[in-house]
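Input: a single structure, listed below in structure tokens.
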Amino acid sequence: MLRIAIVEDEKKSSDLLVDYIKSYASQTGLDIITDAYADGISFVSDYRPIYDVIFFDIRMPHMDGLEAAHRVRLQDEDVAIIFVTNMAQYAIRGYEVDALDFILKPIQYFDFAIKMKKAISYVSKKQDAYVTIPIENGFRKISVRDLYYVEVINHMLIYHSSEGNFATYGQLKQVETDLSSSGFARCNKCYLVNMKHVVEIKQDSVLAGHDLLPISRRRKKDFLKQLTDYMGGTF
């Protein structure tokens, strides 16, 4: 699923982009959710890093697209930003916020489709690279490669990573499903381990990062098989 935000004060232009996205989704078979915002202030005031692509109109009252994009980048380094403008010279400043591209008004579907294809290619390379967890007063994005393991204690999930430990409510089973293609495996009912960070196996324990975690008898065979497969049969 792809999630897209449109930040555009001109309703006609916003509606056109929504229609183009619907057409593109229909033609490609992609599942796309689109949210539209009428100004930059309302978008950034409650921004959460849940979007894959953001279309920003550059010229908007109160807060222009460039300023809004700068604020987004403080919370989200990876979202694909595409500027929409009728003045190409403004779009050149997109390098300031690592914009992926820009589209000139009036928007033509052919140009839009090219930019969408580029955005999807960018997003596909980023997929599963991060997990986003809710924390107090906001959200936190953690790189999967920096995640050692996930622990559950009384419905509280604790993400142990090189960036620190972060806790939130949730189910380990759902996290296991979400990270199934990223090299994670259960060593017991309480721990989901990133096999990339397995340092050593000691009888009935696994050293993940700096922590020694118990391997349950029931899960040991499957865990070791998954670890062997992950390491290419060299374990």
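Quick note: numbers below take in every heavy atom, side chains included, and nothing from hydrogens, waters or symmetry partners.
Remark: His62 NE2 is loosely packed, at most 12 non-hydrogen atoms of other residues, nucleotides or ligands lying under 6.0 Å away. Atom CD of Glu96 has more than 12 heavy atoms from other residues, nucleotides or ligands within 6.0 Å.
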Just do the side chain to side chain contact (heavy atoms under 4.5 Å, CB included) check on Leu212 and Val206 with the steps written out, would you?
CA-CA 6 Å; Leu212 195 63; Val206 54; over 6 Å; no
Quick one, Leu147 with Phe184, criterion side chain to side chain contact (heavy atoms under 4.5 Å, CB included). Give me CA distance, side-chain angles, the key distance, then yes/no.
CA-CA 10 Å; Leu147 184 60; Phe184 283 73; 3.9 Å; yes
Please step through side chain to side chain contact (heavy atoms under 4.5 Å, CB included) for the pair Ile120 and Leu30, ending with a clear verdict.
CA-CA 10 Å; Ile120 291 169; Leu30 289 172; 3.2 Å; yes
Working note: Val131 + Val144, criterion side chain to side chain contact (heavy atoms under 4.5 Å, CB included); need CA distance, chi angles, decisive distance, verdict.
CA-CA 6 Å; Val131 291; Val144 169; 4.1 Å; yes
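Leu157 and Ile142 fall within the same hydrophobic cluster, defined by Ile, Leu, Val, Met, Phe, Trp and Tyr side-chain heavy atoms under 4.5 Å apart, directly or through other members. By the rule that hydrophobic residues join a cluster once side-chain heavy atoms approach within less than 4.5 Å of another member, Ile114 and Val123 end up as members of separate clusters. Note: the hydrophobic cluster containing Leu207 does not contain Val198 (ILVMFWY, side chain heavy atoms under 4.5 Å, direct or indirect links). Linking Ile, Leu, Val, Met, Phe, Trp and Tyr residues whenever their side-chain heavy atoms come within less than 4.5 Å leaves Met156 and Tyr149 in two separate clusters. In this structure, Met116 is a member of the same hydrophobic cluster as Val18, with clusters built from ILVMFWY side-chain heavy atoms closer than 4.5 Å.
Using a 4.0 Å cut-off between a side-chain N of Lys or Arg and a carboxylate O of Asp or Glu, Lys105 and Glu10 qualify as a salt bridge. A salt bridge links Glu67 with Arg71: the closest approach of a Lys/Arg side-chain nitrogen to an acidic carboxylate oxygen falls below 4.0 angstrom. In summary, Arg59 and Glu8 do not engage in a salt bridge, as defined by a charged side-chain N under 4.0 Å from a carboxylate O.
Between the Ser13 side chain and the Asp9 main chain, no donor and acceptor come within less than 3.5 Å of each other. Between the side chain of Thr228 and the main chain of Leu224, a donor-acceptor pair closer than 3.5 Å is present. Arg145 places no side-chain N or O within donor-acceptor distance of the main-chain N or O of Lys196, the cut-off being under 3.5 Å. Using modelled atom types, no side-chain atom of Ser121 and backbone atom of Lys117 make a donor-acceptor pair closer than 3.5 Å.
For the residue pair Leu213 and Ala208, the shortest heavy atom distance occurs at CD1-CB, 4.2 Å. Taking each heavy atom of Gly94 and Phe83 in turn, the nearest pair found is CA-CE1, 3.7 Å. Closest non-hydrogen pair, Thr132 versus Phe139, comes out as CG2-CD2, 3.7 Å. Minimum heavy-atom separation, Ala185 to Gln226: CB-OE1, 3.4 Å. In this structure, Val199 and Gly209 approach most closely via the heavy-atom pair CG2-O, 3.8 Å. Between Leu16 and Ile107, the shortest heavy-atom distance links the atoms CD2-O, 3.9 Å.
Expressed to the nearest 0.5 Å, how far CG of Asp78 lies from OH of Tyr122 amounts to 5.0 Å. Taking CG of Asn194 as the start and OH of Tyr159 as the end, the distance is 13.0 Å to the nearest 0.5 Å. Residue Ile4 holds its CD1 atom at 10.5 Å from CD1 of Ile54, rounded to the nearest 0.5 Å. Atom CG of Leu104 and atom CZ of Phe102 lie 5.0 Å apart (nearest 0.5 Å). Distance OH/Tyr191 to NE2/His160: 7.0 Å, rounded to 0.5 Å. One distance of note links NZ of Lys115 with CZ of Phe110; it measures 10.0 Å at 0.5 Å rounding.
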For residues 41-49, which side-chain donor-acceptor pairs fall under 3.5 Å, sequence neighbours excluded?
residue	atom	partner	partner atom	Å
Ser42	OG	Asp39	O	3.1
Ser42	OG	Asp39	OD1	3.3
Ser42	OG	Asp39	OD2	3.4
Ser45	OG	Ile41	O	3.2
Ser45	OG	Ser42	O	3.2
Tyr47	OH	Asp76	OD2	2.8

May I have the list of side-chain donor-acceptor pairs in residues 214-222 shorter than 3.5 Å, sequence neighbours left out?
residue	atom	partner	partner atom	Å
Ser216	OG	Arg219	N	3.2
Lys220	NZ	Gln203	O	3.3
Lys220	NZ	Asp204	OD1	3.0

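Aromatic ring orientation, Tyr20 versus Phe112: tilted (interplanar angle from 30° to 60°).
Contact check for Ile81 versus Asp98: no side-chain heavy atoms found under the 4.5 Å cut-off. Residues Ile158 and Val150 fail the side-chain proximity criterion, which asks for heavy atoms closer than 4.5 Å.
In this structure, the side-chain hydrogen bond (donor to acceptor under 3.5 Å, both in side chains) partners of Asp15, at least two apart in sequence or on a different chain, are Lys11. Under the salt bridge (charged side-chain N to carboxylate O under 4.0 Å, His left out) criterion, Lys118 pairs with Asp101, not counting sequence neighbours. By the side chain to side chain contact (heavy atoms under 4.5 Å, CB included) test, Asp111 pairs with Gln108, sequence neighbours left out. In this structure, the side-chain hydrogen bond (donor to acceptor under 3.5 Å, both in side chains) partners of Glu176, at least two apart in sequence or on a different chain, are Arg186. The side-chain hydrogen bond (donor to acceptor under 3.5 Å, both in side chains) search around Gln27 returns Tyr109, not counting sequence neighbours. Taking the side-chain hydrogen bond (donor to acceptor under 3.5 Å, both in side chains) definition, one finds that Arg3 meets it with Asp35, sequence neighbours left out.
A salt bridge (charged side-chain N to carboxylate O under 4.0 Å, His left out) check over residues 149-166, counting only residues at least two apart or in different chains, returns the pairs Arg140-Glu163. Here ring pair (Phe, Tyr, Trp, His ring centres under 6.0 Å) pairs that include residues 192-229, with residues two or more places apart or in two chains, are Tyr148-His197.
Other residues sharing a hydrophobic cluster with Leu74 under the 4.5 Å side-chain heavy-atom criterion for ILVMFWY residues do not exist; the residue is a singleton. The hydrophobic cluster of Tyr95 has no other members, since no ILVMFWY side-chain heavy atom comes under 4.5 Å of it.
Of the options Val72, Val53, Asp52, a side chain to side chain contact (heavy atoms under 4.5 Å, CB included) to Val79 is made by Val72 and by none of the others.
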